[in-house]
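Predicted model only: the values in this text are computed from it and were never measured.
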Amino acid sequence: MEDNKLFGTDDIDIIASGRSDSKERKEESADSFDVRDIDRELEENGSLAAQNSAPRPARRPTAARRVPSHPSAARKPSAPQRPSEAPTQTVPSVEQTDEDATGNERTRVMTAAEQDVIISERRPSAPARKAKSAAPAKAGTEKPARAARPAKPPVKASEEKPGRSGREHSEEDQVKVKDKGGIFSTFSKTIVYIVAVIGVSILLSVVGIKFANDCFAFVKDDYETTVVINTGASISEVADVLKSSNVISQPLAFRLYAGFKYRNSNLEFAEGIYTLNSNMNYDQIIYTIKAGKAPARKTVKLTFPEGMTVDEIIDVLVENNIGTREGYVDAINNYAYDYPFMTELSKIELSSDRKYRLEGYLYPDTYEFYTDSTEVAVVDKFLNNFSSLFGEAEFSRCKELGYNMDEVMTIASIVQKESKFASEFYTTASVFYNRLGSKSFPKLESDATVQYCLAEHAEHITAELRNTDSKYNTYLYNGLPPSAICNPGIDAITAALYPEETGYYFFYAGSDGYNIFSKTLSEHQSVIAREQNKTK
């Protein structure tokens, strides 16, 4: 091919002429790169052959540029460029000296491909070009340097995640958030639901108990009042009148009950003035004011002496056709009465050997009962009376003595049974307190406690009966019995709260019924011998 032929003298002249023309061309900008730079370097450093003597790596050949062979074409000066036009680059011919096959030196013009190799080797790297283009600007034309952007910290290999689109990332995160929110939401809803169910259940229970108590008169105050019923009064109007007179406490329950029970009949109330009792149930109230034909409620007035036991009180009530024994046992041991002393009693750990929960609290007195009263209503009358006598002052006094309310009531019940006359209650109480605080006499040794644990009443407590195995037997067990042994009156209760201070540890009932008190065992035995001789 033409590119590979050897050039002669004319060709050399053309190269020289091209070199001269290249010197007359304008200089290009600082950041551009031209073949003339390589030409100058070759002229300054000597022959090109010496620099290209080392072998160069093979490179993909590029299309060679044909050099015009006519001398005049090579020497034709280039036309001056217009200012608006970018300068065009011309590739000058470059001489190459090598040896031919016979060993003679020859000079030839380098091909365009060979010049490209040299250019690529001499072309400065990107940082060098940038440094060259960043020449100092003229004064007054300098621009402020842009602040360097902080480099991002390198991502650790463990933190790298496979690439994914922003939408995929967002959707996945939303799913995670929804999942977490869903679990939390479900748990919260469950808790709210449970709390709501419990709250509604408690509310319904409280309301139900109030309605039932008002409707059936389980536990209500016992007093009479007068009400006026006008002609043509409706159920709602009657309910309001009964509420204002404190005959009922739940007018809504009354309206519902009367409307449901008498829904198939024409319920009319007779005009008039009626005497009603707050202890009447809804049926009794309605029958009374409906047509003035209410069934007569029979009443019974009963007196319960001080010192009666729960069993004895139940017997009296049942004998007068007021309730049943089973009903009273349940009402005494299980029903939750609303009194301060009941709250105090609920805080005390009661013995499993206790016979009755409310033994000692059925205050003895004279009461009038309706024969159709419920057992709970009857027991409530006893407790209401006791609560009016045992209040905050009595609770405080128990603490001063170092005993709880139930223990003081137990001492009062023993005092009630062991003393015949109230005048000696305070001295008798001192004997039991002295023994409770003594290491020499840890047992109370009371015949009354033995009597309480017997199946049948005994006229005399013998030595054999004193061996009866029961926690109520204070001859066998130290300290107080599991509960009170009777229901004491106010005198015995007061004596238990304010005992006399004495040194007595013994007493014996004389022939006249009064107790004889002793400080020592020998003195006590002498009293017994003397009193027994009187009866012979």
Side-chain angles (χ1 to χ4, degrees), residues 208-231 233-262 267-304 313-314 316-324 327-328 331-332 335-339 362-389:
I209 291 173
K210 288 184 177 181
F211 278 22
N213 180 55
D214 198 54
C215 178
F216 301 105
F218 290 135
V219 181
K220 297 179 69 176
D221 295 334
D222 187 6
Y223 64 89
E224 292 182 347
T225 185
T226 301
V227 298
V228 178
I229 303 300
N230 297 322
T231 303
S234 64
I235 295 177
S236 297
E237 292 172 344
V238 171
D240 293 338
V241 171
L242 296 175
K243 175 66 170 65
S244 62
S245 300
N246 293 323
V247 177
I248 64 174
S249 61
Q250 306 294 329
L252 175 60
F254 182 85
R255 292 195 298 268
L256 294 174
Y257 181 85
F260 178 77
K261 185 168 185 178
Y262 300 96
L267 179 60
E268 294 182 357
F269 299 100
E271 178 185 3
I273 301 175
Y274 298 91
T275 300
L276 303 176
N277 193 286
S278 61
N279 201 23
M280 297 172 69
N281 59 40
Y282 286 177
D283 281 333
Q284 294 167 340
I285 295 172
I286 293 172
Y287 287 143
T288 300
I289 63 179
K290 179 181 179 182
K293 298 180 180 179
R297 297 189 75 192
K298 295 181 181 180
T299 60
V300 176
K301 184 177 287 187
L302 301 173
T303 299
F304 300 89
I313 291 175
I314 292 175
V316 173
L317 292 169
V318 173
E319 288 171 1
N320 287 273
N321 299 318
I322 306 173
T324 63
Y328 284 116
I332 290 170
Y335 194 84
Y337 300 92
D338 187 17
Y339 294 106
L362 302 184
Y363 188 76
D365 203 345
T366 299
Y367 299 96
E368 186 173 3
F369 304 100
Y370 287 102
T371 55
D372 58 353
S373 294
T374 63
E375 293 85 356
V376 171
V378 171
V379 172
D380 185 70
K381 278 196 170 185
F382 287 94
L383 301 181
N384 183 61
N385 203 358
F386 174 80
S387 181
S388 65
L389 299 172

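A 4.5 Å side-chain heavy-atom check between V238 and I289 finds at least one atom pair inside the cut-off. The shortest distance between side-chain heavy atoms of V376 and Y337 falls below 4.5 Å. Side-chain contact between I235 and L267 is present, with at least one heavy-atom pair separated by less than 4.5 Å. Put simply, the side chain of I332 reaches to within 4.5 Å of the side chain of L362, judged on heavy atoms.
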Please lay out, stage by stage, how Y274 and I229 fare under the test side chain to side chain contact (heavy atoms under 4.5 Å, CB included). CA-CA 8 Å; Y274 298 91; I229 303 300; 3.9 Å; yes

Could you go through the side chain to side chain contact (heavy atoms under 4.5 Å, CB included) check for L317 and V378 one step at a time? CA-CA 9 Å; L317 292 169; V378 171; 3.6 Å; yes

Can you check side chain to side chain contact (heavy atoms under 4.5 Å, CB included) on T275 and T225, steps first, answer last? CA-CA 6 Å; T275 300; T225 185; over 6 Å; no

Test side chain to side chain contact (heavy atoms under 4.5 Å, CB included) on V228 and V241; report intermediate values, then the result. CA-CA 8 Å; V228 178; V241 171; 5.9 Å; no

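The structure places CG of L383 at 11.5 Å from CG of D338, a figure rounded to the nearest 0.5 Å. The CG atom of N281 sits 9.5 Å away from the OH atom of Y287 when rounded to the nearest 0.5 Å. To the nearest 0.5 Å, atoms OG1 (T299) and CD (E368) are separated by 4.0 Å. Between the CG atom in D365 and the CG atom in N385 there is a gap of 5.0 Å [rounded to 0.5 Å]. Here the CG-CE distance, from L242 to M280, works out to 9.5 Å after rounding to the nearest 0.5 Å. Between the CG atom in N230 and the CD atom in E237 there is a gap of 7.5 Å [rounded to 0.5 Å].
Under the ring pair (Phe, Tyr, Trp, His ring centres under 6.0 Å) criterion, Y262 pairs with no residue at all, not counting sequence neighbours. Legend: residues meeting ring pair (Phe, Tyr, Trp, His ring centres under 6.0 Å) with F254, ordered by chain and number and at least two apart, are Y282. Taking the ring pair (Phe, Tyr, Trp, His ring centres under 6.0 Å) definition, one finds that Y367 meets it with F369, F382, sequence neighbours left out.
Looking only at atom types and distance, the side chain of Y339 has a donor-acceptor partner in the side chain of D380 under 3.5 Å away. Under 3.5 Å, the side chains of T371 and N321 contain no donor-acceptor pair of N or O atoms. Under 3.5 Å, the side chains of N277 and Q284 contain no donor-acceptor pair of N or O atoms.
Residues F269 and A233 come closest through the heavy atom pair CD1-O, 3.5 Å. Looking at every heavy atom in both residues, R255 comes nearest to S236 through CD-OG, 3.1 Å. Scanning both residues, T324 and E375, for their nearest heavy atoms gives N-OE2, 3.0 Å. The minimum heavy-atom distance linking S245 with T226 is given by the pair OG-O, 4.2 Å. I248 and A239 get closest at one heavy-atom pair: CD1-O, 3.8 Å.
Comment: K261 engages D283 in a salt bridge, judged by a side-chain N to carboxylate O separation of less than 4.0 angstrom.
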